[in-house]
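Remarks on the structure that follows.
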Amino acid sequence: MITKEATVAVPAPAPAAPEPPRTARKRRAWDEAPRWQIYLPLGIYLVFTLIPFYWILLFALRPAGSTSLVPWPMTGAHFEKVWTDRGFATFFQNSVLVGVATLLMTTLVALAGGYALARFDFRLKRGFMLALLCSQFVPGALLLVPLFEIFAELRMINSLGSVILAETVFQLPLSMILISNFIKNVPYSLEEAAWVDGCDRFRAFRVVVLPLLRPGLIAVGSFAFVHSWNHFLFALMFLNNQEKQTIPVGLNTLMSADSVDLGALAAGGIIAAVPVVIVFAFIQKWLITGFSAGAVKG
């Protein structure tokens with residue numbers, strides 16, 4: 001009698017997973033790196049960055065003549081001195097006025113010019129864009145003499161308006177380029193849809209495009225404000241009256257050929273830096289988004 005042996009089907013072994021490419025292995029090894037390899041260089045960089053700020057706080061808060069490395073006991077005499085005796089209250093007010101006016105004028109003019117560059121084709125457009133780019137290589141010091149002659153003819157010397165106009169002219173090329181690139185990233189079909197719904201060009205821009213430009217406008221406006229807040233040359237050349245001077249010129253008055261009041265100078269530096277730090281703390285998210293979007297051509 002012939003018997004057949006039962007056969008059991010053995011499953012075939014699963015195919016081995018393909019080995020990840022070398023670049024993927026390197027990327028995974030970097031992602032799984034120990035945290036100390038990340039935090040150690042960042043900590044060293046942070047220490048070197050914060051040391052100058054600590055020295056400023058040290059000289060501003062410790063009493064005059066003290067050599068302690070710790071600001072204790074703390075004093076506010078240096079702040080009171082520069083704010084009242086050295087006129088920093090007036091300098092601060094003038095700087096705020098110049099910064100806000102420059103922000104508004106630069107943003108409005110750059111918005112109109114950037115929209116024209118982004119949405120219209122006209123003769124010499126490439127040449128105009130090239131001129132805007134080349135103007136960024138011209139240092140502000142070269143503009144002092146012609147601007148001084150122009151403002152002298154217009155009788156605007158020793159007026160905050162001269163500084164505001166000079167700062168606006170100096171900021172417009174870069175601001176116009178950034179806003180133009182940002183508008184190019186807004187789909188043109190959105191404006192066309194608004195036109196179909198009965199909007200004219202201005203209303204379509206105001207209702208549809210302008211809300212999408214908020215990060216770019218914040219980036220351009222903050223850049224214009226900070227530059228005008230910190231700029232020294234225009235305020236020094238165009239403003240002769242001490243009551244019209246700004247904070248950078250006021251800081252320069254704290255230094256003389258014979259001596260430097262380090263405590264007052266440090267207190268003035270803190271007064272000048274705190275508003276800018278506060279502004280950037282609130283607009284950091286919009287600032288990074290605006291510059292990254294405006295730097296990419298759509």
Side-chain angles (χ1 to χ4, degrees), residues 82 86-114 132 135-148 150-152 154 156-180 182 213-254 268-284 286-288 290-291 294:
V82 298
R86 297 301 184 94
F88 261 67
T90 304
F91 300 156
F92 188 88
Q93 181 180 355
N94 295 336
S95 293
V96 170
L97 179 60
V98 171
V100 173
T102 302
L103 183 154
L104 294 176
M105 292 182 61
T106 301
T107 304
L108 291 177
V109 178
L111 184 61
L132 289 179
S135 65
Q136 297 303 297
F137 298 100
V138 179
L142 294 181
L143 302 176
L144 290 178
V145 174
L147 286 177
F148 188 88
I150 294 173
F151 292 145
L154 297 176
M156 295 181 64
I157 297 298
N158 201 29
S159 171
L160 291 178
S162 60
V163 180
I164 294 172
L165 286 178
E167 295 289 350
T168 302
V169 170
F170 194 77
Q171 295 298 318
L172 269 180
L174 179 60
S175 301
M176 196 176 299
I177 292 172
L178 287 175
I179 291 184
S180 172
F182 198 87
L213 300 180
R214 185 182 303 175
L217 296 178
I218 292 177
V220 169
S222 61
F223 186 80
F225 175 82
V226 172
H227 187 274
S228 61
W229 180 275
N230 295 325
H231 206 186
F232 174 76
L233 285 178
F234 290 159
L236 179 66
M237 293 297 298
F238 303 148
L239 302 176
N240 300 325
N241 191 350
Q242 186 175 1
E243 296 181 356
K244 298 293 183 65
Q245 291 174 348
T246 57
I247 281 185
V249 182
L251 289 174
N252 186 60
T253 60
L254 299 177
I270 292 176
I271 294 175
V274 166
V276 178
V277 173
I278 294 176
V279 169
F280 272 95
F282 282 101
I283 67 173
Q284 180 181 8
W286 298 104
L287 186 66
I288 296 175
F291 273 118

Of all heavy-atom pairs between A110 and L172, which one has the smallest distance, and what is that distance? N-CD2, 3.8 Å
Minimal heavy-atom distance between T106 and S175, with the atoms involved, is CG2-OG, 3.4 Å
Would a 4.5 Å heavy-atom cut-off, applied to side chains only, mark F225 and T102 as touching? no
Counting only N and O atoms by type, is there a donor-acceptor contact under 3.5 Å from the side chain of W229 to the main-chain atoms of A272? yes
Side-chain heavy atoms of L251 within contact of L254, under 4.5 Å: yes
Is any side-chain heavy atom of L213 closer than 4.5 Å to a side-chain heavy atom of L111? yes
Quick one: sort the F170 and F234 rings into parallel, tilted or perpendicular, breaks at 30° and 60°. perpendicular
Just verifying a value: how many Å separate L103 CG and E167 CD, rounded to the nearest 0.5 Å? 12.0 Å
Return the CG to CZ distance between L144 and F238, rounded to the nearest 0.5 Å. 5.5 Å
One should read off an interatomic distance between K244 NZ and L97 CG, to the nearest 0.5 angstrom, of 10.5 Å
Under the side-chain contact (heavy atoms from CB on, under 4.5 Å) criterion, do L165 and M156 qualify, and how do the steps go? CA-CA 10 Å; L165 286 178; M156 295 181 64; 3.5 Å; yes
Give me the atom names and distance for the closest heavy-atom approach of M105 to I164. SD-CG2, 3.6 Å
Counting C-beta onward and ignoring hydrogens, is there a side-chain heavy-atom pair between H231 and V98 closer than 4.5 Å? no
In terms of heavy-atom contacts, S159 and S162 come closest through O-OG, 2.6 Å
Do any N or O atoms from the side chain of N94 and from the backbone of T246 form a donor-acceptor pair under 3.5 angstrom? no
I want to check something: taking the side chain as every heavy atom from C-beta on, are F223 and L174 in contact at a cut-off of under 4.5 Å? yes
Does the S95 side chain pair with the main chain of F92, one donor and one acceptor, at a distance under 3.5 Å? no
Looking only at heavy atoms, the pair that brings F232 and N252 closest together is CE1-CB, 3.7 Å
When rounded to the nearest 0.5 Å, the distance separating CZ of F137 from OG of S135 is 9.0 Å
Determine the minimum heavy-atom distance between Q245 and L239, stating which atoms define it. CA-CD1, 4.0 Å
By ring-ring contact (aromatic ring centres under 6.0 Å, His included), F88 pairs with (sequence neighbours left out) F91
Keeping T107 on the side-chain end and L104 on the backbone end, is there a donor-acceptor pair under 3.5 Å? no
